[in-house]
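Scroll down for the structure; my scribbles are underneath it.
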Amino acid sequence: MNRCLVIGKTNVGKSVFVLHFARYLGMSHVDVYSQDPEGRRRLLSLAVENAVRTLSGGEPHQTRCLQSITLELPVGKGKRQFEIVDTSGLMDGIHADVSIRRAMAQTLATVRSAQVILHMVDASKAANKGAVEAIGEVDYQVAQFAQMRTGYAILANKMDLPTAVSGLEIIRREFIGHPVFPISALYGQGFKDVKRFVLQCI
Ligand SMILES: Nc1nc2c(ncn2[C@@H]2O[C@H](COP(=O)(O)OP(=O)(O)O)[C@@H](O)[C@H]2O)c(=O)[nH]1
Ligand SMILES: [Mg+2]
């Protein structure tokens with residue numbers, strides 16, 4: 001099955017996006033399969049809103065394993081299934097906590113197996129160079145690494161926040177030549193364009 005990986009720094013909104021995108025594609029319940037860096041598997045079956053409460057949050061590194069959901073997109077008269085994978089947040093430098101380092105390595109190893117890579121950046125912080133969620137070294141590395149595939153796009157998230165407009169301009173400038181989709185994962189804005197892009201790639 002084709003894979004669509006959602007990658008980016010911690011707290012940029014990856015988990016909220018994956019679940020709200022699932023809801024946008026018509027799911028009210030999701031089966032979330034997770035696999036931690038040690039290979040342990042778990043299945044959670046939840047209503048989308050409960051999943052958002054359980055799997056996302058203000059704490060950095062809430063997601064420490066790969067979490068995948070099987071979704072369907074309409075193609076002609078039929079449907080095409082694909083797997084959307086929520087990943088643990090990347091960060092610049094080396095984290096002191098070994099479980100976070102392992103989770104990051106697991107995320108990067110999965111980049112190779114994905115047909116689509118959605119690289120999420122927090123547009124509301126992108127103008128603010130010092131902020132943890134601002135564009136960092138790891139974002140440039142992901143762009144370098146992932147751009148070799150056709151299915152690479154940047155999601156400029158949190159466009160509902162006032163500082164995101166200037167952040168979006170900076171993201172477009174810094175990642176020139178790559179498709180950039182402004183979205184609000186929280187409010188479902190911009191999902192139509194993301195859907196169209198994913199459909200082209202899978
Ligand atoms: N204002 C706003 N907040 C968001 C948006 N998307 C996510 N968040 C918030 O950002 C925080 C981190 O979200 P989460 O999905 O856990 O981030 P992850 O670490 O990248 O998976 C949570 O408090 C979310 O409610 C958005 O589009 N707009
Ligand atoms: Mg997360």
Side-chain angles (χ1 to χ4, degrees), residues 3-24 27 30 32-37 42 44 46-69 71 83-93 95 97 99-108 110-111 114 117-128 131-136 138-139 141-143 146 153-168 171 180-195:
R3 269 188 156 178
C4 170
L5 202 65
V6 183
I7 196 169
K9 286 191 159 189
T10 191
N11 256 347
V12 296
K14 297 178 297 297
S15 297
V16 172
F17 168 74
V18 165
L19 294 164
H20 284 175
F21 194 57
R23 187 178 60 189
Y24 175 75
M27 321 265 301
V30 284
V32 185
Y33 289 88
S34 65
Q35 188 180 350
D36 70 19
R42 196 168 65 129
L44 272 178
L46 292 166
V48 168
E49 282 318 314
N50 292 340
V52 170
R53 269 197 296 277
T54 311
L55 302 176
S56 72
E59 288 292 303
H61 301 291
Q62 183 100 354
T63 314
R64 292 202 187 183
C65 51
L66 300 176
Q67 290 172 339
S68 65
I69 302 172
L71 297 177
E83 184 187 24
I84 191 157
V85 185
D86 184 13
T87 63
S88 65
L90 300 173
M91 55 174 300
D92 295 319
H95 200 280
D97 184 335
S99 72
I100 292 176
R101 292 207 301 272
R102 285 209 189 105
M104 279 179 57
Q106 185 193 27
T107 295
L108 291 172
T110 315
V111 169
I117 294 163
L118 301 177
H119 176 186
M120 187 170 284
V121 180
D122 183 341
S124 74
K125 298 270 166 64
N128 181 3
V132 179
E133 293 114 331
I135 306 167
V138 74
D139 288 301
Q141 284 165 2
V142 166
I154 292 167
L155 304 184
N157 191 31
K158 308 200 185 179
M159 289 307 300
D160 55 288
L161 298 175
T163 50
V165 176
S166 59
L168 175 63
I171 293 167
V180 175
F181 298 110
I183 67 161
S184 167
L186 204 53
Y187 297 109
Q189 291 162 6
F191 282 15
K192 197 172 157 194
D193 292 332
V194 180
K195 175 181 163 185

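Treat the numbers as computed from the prediction; the structure is a model and nothing was measured. Atom set for the values below is all heavy atoms of this structure, side chains included, hydrogens, waters and symmetry mates excluded. Remember, it's 1-based here, ligands and their atoms both numbered in the order they're listed.
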Margin query: Please report whether ligand 1 has a polar contact with S15, defined as an N or O pair separated by less than 3.5 Å (distance criterion only).
Written below: yes
Next item on the list: Give yes if a backbone or side-chain nitrogen or oxygen of V12 is under 3.5 Å from a nitrogen or oxygen of ligand 1, and no if not.
Entry: yes
Checklist line | Close-contact set for ligand 1 against N11 heavy atoms, below 4.0 Å | finding: 10 (O), 11 (C), 12 (C), 17 (O), 18 (P), 19 (O), 20 (O)
Notebook entry, point to check: Just by distance, do the side chain of H20 and the backbone of G188 share a donor-acceptor pair under 3.5 Å?
Noted result: no
Note to self: Please report the interatomic distance OG1(T110) to CG(L66), rounded to the nearest 0.5 Å.
What the structure shows: 4.5 Å
Next item on the list: Using a 4.0 Å heavy-atom threshold (strictly under), name the region of L55 that reaches ligand 1: side chain, backbone, both or neither.
Entry: neither
Next item on the list: Among L19, V32, L46, find the residue that satisfies the side-chain contact (heavy atoms from CB on, under 4.5 Å) test when tested with T54.
Entry: L46
Next item on the list: Give me the one residue out of I84, T87, L118 that meets side-chain contact (heavy atoms from CB on, under 4.5 Å) with L5.
Entry: T87
Notebook entry, point to check: Under the ring-ring contact (aromatic ring centres under 6.0 Å, His included) test, which residues partner F181, sequence neighbours left out?
Noted result: F197
Next item on the list: Please confirm whether S56 comes within less than 3.5 Å of ligand 1 when only nitrogen or oxygen atoms on both sides are compared.
Entry: no
Margin query: Regarding S15, does it place an N, O or S atom less than 2.8 Å from the Mg ion (ligand 2)?
Written below: yes
Checklist line | Under 3.5 Å: N/O of G13 near N/O of ligand 1 | finding: yes
Next item on the list: Number the atoms of ligand 1 from 1 as they appear, then name those within less than 4.0 Å of a heavy atom of K14, with their elements.
Entry: 15 (O), 17 (O), 18 (P), 19 (O), 20 (O), 21 (O)
Next item on the list: For ligand 1, find out whether one of its N or O atoms is nearer than 3.5 Å to an N or O atom of M159.
Entry: no
Check: In Å, rounded to the nearest 0.5 Å, how long is the span from CG of L155 to NZ of K14?
Finding: 11.5 Å
Notebook entry, point to check: Side chain, backbone, both or neither: which part of D86 has a heavy atom under 4.0 Å from ligand 1?
Noted result: neither
Checklist line | All side chain to side chain donor-acceptor pair (under 3.5 Å) counterparts of S184, not counting sequence neighbours | finding: D160
Margin query: Suppose I only count heavy atoms of L161 and a 4.0 Å limit; which atoms of ligand 1 are within that range?
Written below: 1 (N)
Margin query: Just to be sure I read this right, does ligand 1 sit under 4.0 Å from the backbone of D160, its side chain, both, or neither, counting only heavy atoms?
Written below: side chain
Note to self: Counting only heavy atoms not in Y33 (residues, nucleotides, ligands), do more than 12 fall under 6.0 Å from its OH?
What the structure shows: no
